[in-house]
Chemist: 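Take a look at the following structure, please.
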2 protein chains.
Amino acid sequence: MTTMKEIAEQTGVSISTVSLVLNGRDEGRVNPTLASLVRNKATELGYKINPLARSLRTNKTRILGFISEEVATTPYAGGIILGAQDAASAYGYMLFTVSTDGKASEENEIATLKRYGVDGFFYSKMSNRIAQVPKSLDDYPVVMVDATDHDNKIPSVEPDEFMIAYDATNRLIKAGCERIAYVGCSESMIAQDGRLAGYQAALHDAGRVFDPSLVCNVLNNGPALRAVSKLFDDTHPDGFFCFNDARAWYVYECAARRGLTVGKDISVVGVDNHRVFAETLEPQLTTVELPHYEMGYWSACKLISMIEGKDVDTSVWPDTRAPLPPLNAPIPAKIHCALLEKGSVVVH
Amino acid sequence: MTTMKEIAEQTGVSISTVSLVLNGRDEGRVNPTLASLVRNKATELGYKINPLARSLRTNKTRILGFISEEVATTPYAGGIILGAQDAASAYGYMLFTVSTDGKASEENEIATLKRYGVDGFFYSKMSNRIAQVPKSLDDYPVVMVDATDHDNKIPSVEPDEFMIAYDATNRLIKAGCERIAYVGCSESMIAQDGRLAGYQAALHDAGRVFDPSLVCNVLNNGPALRAVSKLFDDTHPDGFFCFNDARAWYVYECAARRGLTVGKDISVVGVDNHRVFAETLEPQLTTVELPHYEMGYWSACKLISMIEGKDVDTSVWPDTRAPLPPLNAPIPAKIHCALLEKGSVVVH
DNA sequence: ATGAAAGCGCTAACAA
DNA sequence: TTGTTAGCGCTTTCAT
């Protein structure tokens, strides 16, 4: 690894000059000729700055700490981290990712991250909810991901659950479904509440009356399948908006048992938490992908802007923002929930 | 953050002495009284070493670089990383995780990791296969995860595909299944080859003759469902060993359409790549979990032992090593593929 | 047994 | 415009 010292020696200037030039702070301070001499030598030698040495003086490591609650084991956490990493990398930052279980382990991880001098923290939860950032993070820039601050004091990103459901339901409406059911989650959580509301609003905006008997909120367990069975037999829906893959599976199972074919006899739109169905085969199942990557991306940009005290270039938003396919096209295998488009992400 | 300097000042000794003591290299070199004085002051002040400053001198950062090929987006990558993190953390190491797509991006990430002075690398692939570690890693300690080296020169861990299949098939045999089908993957890959072999071996060891018509290798696509349908109708299996969740889904779909109930009319054992079914509801589906966490854990231990040039304490193996449930018990929702047990993991 | 001093690679006052 | 100097927090020789 080449050092500034070596460059200084080989070009006959002082280390300070090298430092100035290589940090782009030479404008009007260093002789342009010397500057380019230094620059050439640097590229010639393949010089790369030693960020650790620099951090010793500057107290800035360009390392970000990503704290997640076992989120690494959930299938979708990867998307968040990937997005955060991509954005971080674009700005020359690295990510330390740690996952915690208990409270104690969390404080441990935080302490470790602090020792390594991280410049700021991501604080991420496993599913969209209201959370409290530990006080040990008080003096640091923090951004919450897939969670929101109780006091709304910490910047945060979450999926726009309402719009996700609104879009999904609309898609079923446009596909010609007459009796659209919602197979949701019987635990109260932000995602459930928002999606139910979006489902209702879409129906309402389409001039339909909301029929509570078409709503079936279940858990992931035995009784769930019976409840969905009952939904089939009682109300004979021809369209289903499903809270997630697991709920969609109940619908598939019930349909198959009744000789109904998804994509022909009934339509199904599900929110993608696991992606099995999307990866499997059913072009008849429309999967609305949660904007995990985008949340990660946004949060990294936000965090870095806080750290550097300046706006980051949000035009760097990733390519994955595919436009929503036209509604009259055949139902696609996947709708990408585009960032900053139709409010599919909410930032605070 | 307290520094050694502060401790030195407050105890009236020199920084060198503090360094010696706090690094446990004081045996017979520092007056025990002084030593404990220093130690007390350190805990009193809550001293924590600054690893970055130390690394400037020692050239050891205690940071490990985890390189994965977009693995962060695959559902199971999280398990590997989590295991690696837990082990690393136990030895006072941190992980930089990066994922790459193309060749160029990989070299970039590697360069960045080097600049941050990582002590060694994990090189991980998305699915068990033979791979080549980039030459840019040649001078560093490297461990491969879920992949093996072409020349068998790099230490590596991979799931024991054979034993996974052998166990799974055995389970169906012990459950009383007479006609056990294998729904596999029609692409040739280590997992497919190993699992097919394990399936065959289990049948053979049980004194059964292998019937090729019970094997149905498919991709994740439309024709797959038809192929599995044909399997049902042609051979009427009463037990299914499935390559993964997606393949298990075909079996579920076909069963439901025929009025067959999993767990009653047929038995299904699937290898868990996505976990939807395990998380959903079917106690009748046995999911063999891949030992991702354990692979991560092992690889971190191995890597650290290479770095430090000494054996690490493998008694630290994680708790998740649940014993396999007794074979005559009702088929459980999940079998944990225990590390170093029945060879469920292969290390090289 | 202890401390002074040098130095890891870099930045930032301050001189010149 | 350039170089000298000091120092970030720590380790490590080398005197004492």
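In this text, all values refer to a predicted model and were calculated from it rather than measured experimentally. Labels below follow one simple rule: chain letters A, B, ... track the order of the sequence lines, proteins then strands, and each chain is numbered from 1. What you see below is based on every heavy atom in this structure, not just the backbone, and it leaves out hydrogens, waters and symmetry mates.
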Chemist: Taking CG from A/Leu37 and C1' from D/dT1, how many angstroms apart are they, rounded to a whole number?
Modeler: 15 Å
Chemist: Please encode protein proximity along nucleotides 6-16 of chain C as a string of B, S and -, counting only heavy-atom distances under 4.0 Å.
Modeler: BBBBBBB----
Chemist: Indicate the ring-plane relationship of A/Tyr116 and A/Phe96, choosing parallel, tilted or perpendicular according to the 30° and 60° boundaries.
Modeler: perpendicular
Chemist: Would you indicate what B/Gly12 reaches in the nucleic acid, counting non-hydrogen atoms under 4.0 angstrom: base, sugar-phosphate, or nothing?
Modeler: sugar-phosphate
Chemist: OP1, OP2 of D/dT2 versus side-chain N and O of A/Ser14: anything below 4.0 Å?
Modeler: no
Chemist: Are the charged groups of B/Lys41 and B/Glu9 less than 4.0 angstrom apart, N to O?
Modeler: no
Chemist: Provide the closest heavy-atom pair for B/Ala35 versus B/Val21 in the form atom of the first, atom of the second, distance.
Modeler: O-CG1, 3.6 Å
Chemist: Are any non-hydrogen side-chain atoms of A/Glu109 and A/Lys114 less than 4.5 angstrom apart?
Modeler: no
Chemist: Sub-3.5 Å donor-acceptor pair from the side chain of A/Asn50 to the main-chain atoms of A/Leu52, do we have one?
Modeler: yes
